[in-house]
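What you are looking at is a predicted structure, and each value in this text was computed from that prediction instead of being measured.
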There are 2 protein chains.
Amino acid sequence: MMTVHEVSKLAGVSIRTLQYYDTIGLLHPAGYTDSGYRLYDDTDLKRLQQILLFRELEFPLKEIRRIMENPDFDQAKALSQQIDLLTLRRKHLDDLLKLARQLQRKGENNMDFKAFDTSKIDEYTQKAKASWGDTAEYKEYEKKHGKRSSSDSKKAAEGLMAIISGFAPLREKHPSDAAVQAQVKKLQDFISENYYSCTKETLSGLGKMYAAGGDFTKNIDAAAGDGAASFINEAIQIYTK
Amino acid sequence: MMTVHEVSKLAGVSIRTLQYYDTIGLLHPAGYTDSGYRLYDDTDLKRLQQILLFRELEFPLKEIRRIMENPDFDQAKALSQQIDLLTLRRKHLDDLLKLARQLQRKGENNMDFKAFDTSKIDEYTQKAKASWGDTAEYKEYEKKHGKRSSSDSKKAAEGLMAIISGFAPLREKHPSDAAVQAQVKKLQDFISENYYSCTKETLSGLGKMYAAGGDFTKNIDAAAGDGAASFINEAIQIYTK
DNA sequence: ATTGACTCTCACGTTACGTTATAGTTTATA
DNA sequence: TATAAACTATAACGTAACGTGAGAGTCAAT
């Protein structure tokens, strides 16, 4: 059993934060002393770790609580999503870095704000949140963000997975093989049509995310065989170079 | 001249945000129509871009204003620091990703919170802020964070640069050469003693930052010759593998 | 028994906007 | 030319996640 001070030191959060998390019901300590001092155990620490991961991804504390309160909360699933989101964020940082370097070199104008665009991250975040039960909020979101009904987006997702599956019979070839590369182009075109303009750069980022070990990796490997995500990523990296 | 709506669309910020930035004096539009509508020009857009970069790095708006108000505000210097900070953040994300993957694999406990530690980022942020004039706040910060007086830290910095300079005569050799690798080890030991425990992993991250094109790159190249930062990074990457 | 280091619970302050509410302005259309 | 549709303005209150004292017990060591 650890005191607030000890947990604070170990986890790098303030004592006030621990107190706050207790009062809002996000993280109750395992117990209290007679005099009301908080006492944390290992389970609490693990929970805190989860919370901090969500927090790094800028989930509101209320959301985090809702997600973790859920009786069918799935730690593995959460980690999967967190990995996807972290990968997206890394991509975002890379974009910003590139912009900064451009500005540095050209000293002059580069009136580009695409690097600040977080819509892809936001979208995945929304989906992730929605996958944790609250159907009401999700419908709300769908209504707000255009009419693409969930049946439409399901159809799009199916089309995407069909293309992904198309990689399965190509697995024996080299990623640089013409047939494989053609399939990559198919993928790019499909994304451009159904989601957003998919430049080579965007595609490269997607490839990395596919192979990052999160939900994407799982789904892809399930659809096109183990190791498929990694294979596709290799093909994409060749294609985009 | 663009309206709020147009700027909002282009830059991906809300109209409210533009209004707010105007009232707090962070970004005044170039002019107003007779009826009080805001009108922005290209200069404003460039300024907004700078602001957004600072904001991505979680600088408080007041700080951003103070920095950019400063008559000797140096855009190039700002970009340099921003690059360093973005690089640090990327490293931070990589750490989190690694932690998440570990948790995913081992399903079991990995009671490690080092990945959440942002002290290096915070420290550099403080230094960056301090370099923009406000000596009062900086002294305050030094007082708070232990007694390492600025003379002490200057001595440490000098020691570091001495080691960096030590790479200069080795530039003709291959990064994997024993002499070069020995120098890398010297560097690691020095950092461990004077700053923080410098694992191979930490060192690898530092190497990348050295070569990222920001302040570090500049200082290193100035001390040990052009291209030195990149050379040192290569040596580090070999050493840490 | 006292001191110094911890801890507790209020309770107000802060940042960066989101969100109405109310009202004037400009543009497109009938 | 009237009038709706779309845009913009200020004002003012709401929110999230704590930071920062204030005032008051608690615990470990001297």
[X] [atom1] to [N] [atom2], straight-line distance once rounded to whole Å:
{"X": "A:Leu52", "N": "D:dC18", "atom1": "CG", "atom2": "C1'", "result": "14 Å"}
{"X": "B:Leu27", "N": "C:dA16", "atom1": "CG", "atom2": "P", "result": "15 Å"}
{"X": "A:Asp22", "N": "C:dT7", "atom1": "CG", "atom2": "P", "result": "14 Å"}
{"X": "A:Asp34", "N": "C:dC8", "atom1": "CG", "atom2": "P", "result": "14 Å"}
{"X": "A:Arg16", "N": "D:dA17", "atom1": "CZ", "atom2": "C1'", "result": "9 Å"}
{"X": "A:Ile24", "N": "D:dT15", "atom1": "CD1", "atom2": "P", "result": "15 Å"}
{"X": "A:Lys62", "N": "D:dA16", "atom1": "NZ", "atom2": "C1'", "result": "9 Å"}
{"X": "A:Tyr32", "N": "C:dT9", "atom1": "OH", "atom2": "C1'", "result": "13 Å"}

Looking only at side-chain N and O atoms, does [X] come under 4.0 Å of OP1 or OP2 in [N]?
{"X": "B:Arg55", "N": "C:dC17", "value": "yes"}
{"X": "A:Ser14", "N": "D:dG19", "value": "yes"}
{"X": "B:Thr3", "N": "D:dT8", "value": "yes"}
{"X": "B:Ser35", "N": "D:dT8", "value": "no"}
{"X": "B:Tyr21", "N": "C:dC17", "value": "yes"}
{"X": "B:Gln19", "N": "D:dT8", "value": "no"}

Base of [N], side chain of [X] - is there a donor-acceptor contact under 3.5 Å?
{"X": "B:Tyr20", "N": "C:dG18", "value": "no"}
{"X": "A:Arg38", "N": "C:dT7", "value": "no"}
{"X": "A:Tyr37", "N": "D:dC27", "value": "no"}

Return the [atom1] to [atom2] distance between [X] and [Y], rounded to the nearest 0.5 Å.
{"X": "B:Leu48", "Y": "B:Asp44", "atom1": "CG", "atom2": "CG", "result": "8.5 Å"}
{"X": "B:Gln102", "Y": "A:Leu79", "atom1": "CD", "atom2": "CG", "result": "11.5 Å"}
{"X": "B:Phe59", "Y": "B:Ile64", "atom1": "CZ", "atom2": "CD1", "result": "7.5 Å"}

Ignoring hydrogens and geometry beyond distance, is a side-chain donor-acceptor pair present between A:Tyr32 and A:Asp22 at under 3.5 Å?
yes
Regarding the side chain of B:Ile15, the nearest nucleotide among D:dT8, C:dC17, C:dT7 is D:dT8
Result for 5'-nearest mapping on DNA chain D, choosing between B:Glu6 and A:Phe59, is B:Glu6
Practice item. Could you tell me whether B:Glu69 and B:Arg66 have a side-chain N and a carboxylate O separated by less than 4.0 Å? Key: no
